[in-house]
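Report on the structure given below.
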Amino acid sequence: MSPQERAAGPVDSTRSPHARLRTLAYRSVSLSGGFWAARQATNRQVSLPHGYRMLEEWGNFDNLRLAAGLIQGKQFRGYVFQDSDVYKWLEAVAYELANRPDAELQAMADEAIALVEAAQAPDGNLDSHYQVAEPSGRWVHLDYGHELYCAGHLFQAAVAWRRATGDTRLLRVAERLAGHIDSLFGPGKRAATPGHPEVEMALVELYRETLEPRYLALAHFFVDQRGHGLLGKSRYGSLEYFQDHVPVRQASTVVGHAVRQLYLTAGVADLYLETGEEALLAALERQWHDMVERKLALTGGVGARHEGEAFGEPYELPNDACYCETCAAIASILWNWRMLLATGQARFADLMERTLYNGFLSGVGLDGRHFYYVNPLLSRGGIERPEWYACACCPPNVMRLLASFGHYLATSDASGVQLHHYAPATIDADGLALRMETEYPWQGLVRITVERATGAPRRLALRVPGWCDQAALRVNGQAVAADPTAAGYAAIERAWQPGDTVELELPMAPRLVEAHPRVDATRGSLAIERGPLVYCLEQADQDPAVDVMDVEIDPTRPLDARWRGDLLGGVMAIEAPGYALDLRPWQGRLYRPLGGAEPGRRAVRLVAVPYYAWANRGPGAMRVWVPAAR
Ligand SMILES: [Zn+2]
């Protein structure tokens with residue numbers, strides 16, 4: 001395989017010995033329209049130029065200029081991990097430039113890359129906080145220092161630039177820094193593990209790109225060092241915050257800071273893909289079940305607590321007080337992608353889908369220049385997306401995931417091609433050129449046309465989402481039974497010919513869902529879903545006389561989906577029969593003996609919109625879970 005054929009997006013599993021699925025060459029998937037292409041266009045045209053201005057305004061670029069000696073007389077500004085925002089933004093620009101050349105973005109990125117190059121010290125050291133503000137603190141505080149975290153984001157950006165554009169400027173910087181880190185840490189050198197995981201998956205990717213075994217060994221070392229208390233107690237008094245309470249191979253739960261936890265599991269999954277060590281995969285499986293069965297919001301959001309930005313106890317899933325950081329949703333997507341590559345099992349793609357369309361996408365406003373850090377499932381009003389944050393981890397993280405969306409659509413293996421997510425796109429892999437057409441997530445018909453084929457028998461596998469139990473499959477218009485051996489995927493093997501079509505029909509009737517009875521915050525309540533989307537009630541869509549906090553939904557009557565081109569850039573809205581409560585019997589009381597007068601109620605039609613689109617019309621009240629009428 002030539003480097004260009006091999007070159008992948010964020011993950012290159014084509015040479016990973018324990019990957020069941022191979023990621024595709026970046027240029028072999030091209031979005032051609034639809035839901036995600038529209039978001040990529042906003043990302044490219046609005047978010048990335050906005051990010052560039054914010055990085056200037058908040059001092060990120062000046063920090064690098066100070067480290068490079070290009071300016072004097074200013075102070076370092078921001079958090080210790082301020083450089084990582086620049087790297088995530090650069091990673092996003094690389095993918096967007098591969099999607100579509102853009103002279104303006106290229107010029108912005110060239111300036112930023114030149115700053116990063118200039119800021120690097122002769123010994124390879126690079127971290128503007130420690131170069132400018134705290135030279136004596138370099139590599140002292142591994143718990144909160146974030147040097148390895150920043151290095152990891154540099155490595156990922158560097159790999160992205162090489163893969164997406166062929167540009168190796170950042171890769172040279174990254175390799176010098178990786179060499180410097182390797183001179184300090186490892187067997188026989190200093191024992192340590194980073195307070196904020198990230199460098200693990202980045203080192204594995206740097207290894208995949210360069211085939212330098214020291215980078216894989218170093219990732220292995222940092223993973224092995226975790227769980228032995230090297231980091232000490234966190235500011236919250238626990239080792240769990242850092243996932244340093246138990247060795248990685250013995251972990252069975254997801255705990256502590258959610259982004260740290262899930263960047264770690266993503267890195268451990270990467271290590272498994274290279275080493276095949278079963279104990280790693282077994283631990284990840286235990287942790288996955290703990291998260292999905294006990295600690296996951298309906299939106300795919302994770303992190304129940306503001307304190308420590310952390311996972312809560314099992315079933316501790318508040319709607320208003322949850323954290324559900326946008327970065328934690330992204331971390332979950334990154335981890336589940338690696339689990340999918342390791343196992344080929346659709347449940348990981350299902351969770352990616354839930355998170356992508358809901359808890360991740362709510363992190364960015366429809367205008368592309370406002371961002372949520374915290375994504376609650378209930379707001380009494382007053383919560384808007386700011387333009388940026390002092391701690392701006394989330395906005396550029398959104399940008400890099402949106403820019404690289406095409407990477408996650410499809411994979412190949414020895415038998416053929418797998419389609420995991422649905423969007424209008426062309427896919428060229430494994431001797432098959434495919435055109436995918438769909439109005440997903442609004443309509444459930446996915447149509448694949450074979451545009452080119454070698455004539456050899458190949459297996460085409462299409463994921464049947466977990467929310468769909470009545471999928472129908474047609475080949476050239478004829479109904480076919482999907483291969484029952486491919487759990488979670490409808491698979492057809494044949495000698496494909498140009499012009500062959502495959503249609504997957506995924507009925508998208510709106511549905512009501514309930515939560516496990518132990519989830520206290522949702523007891524007696526229902527939520528609306530349709531296809532991959534979670535819905536919410538926003539005050540803006542209801543009868544002005546109805547307070548969205550005082551409604552019930554009628555579970556006995558059908559929901560009605562209606563296309564609303566005028567609303568929120570075009571959405572499928574759902575009308576639900578329900579009631580508005582008259583709470584006058586409760587006037588002036590918070591509690592009362594059982595048996596008092598029931599609130600009066602009048603029938604209303606509730607209007608639900610996709611959760612991702614909330615708070616784009618002012619900071620009104622919103623709820624995902626709605627009490628069920630008795
Ligand atoms: Zn964040």
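Whatever order the structure lists ligands and atoms in, that order sets their numbers, starting from 1. Fair warning: this is a prediction, and the values are worked out from it, not measured in the lab.
Here the angle at the Zn ion (ligand 1) defined by SG in Cys327 and SG in Cys394 stands at 110°, rounded to 10 degrees.
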Task: Residue pair Thr23, His407: steps toward the side-chain hydrogen bond (donor to acceptor under 3.5 Å, both in side chains) verdict - done: CA-CA 7 Å; Thr23 48; His407 172 68; 5.3 Å; no
Open item on the list: What verdict does the side-chain hydrogen bond (donor to acceptor under 3.5 Å, both in side chains) test give for His421 and Glu353, after you've listed the backbone C-alpha separation in whole Å, the side-chain angles of each residue and the deciding distance to 0.1 Å?
Closed with: CA-CA 7 Å; His421 300 288; Glu353 180 180 86; 4.6 Å; no
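Residue Glu285 places its CD atom among more than 12 non-hydrogen atoms of other residues, nucleotides or ligands, all under 6.0 Å distant.
Among the atoms of Cys391, no N, O or S atom is found under 2.8 Å from the Zn ion (ligand 1).
Between Tyr373 and Tyr389, the ring planes are perpendicular. Angles over 60° get that label, and only those under 30° would be called parallel.
Nearest N/O/S atom of Glu325 relative to the Zn ion (ligand 1): this is OE2.
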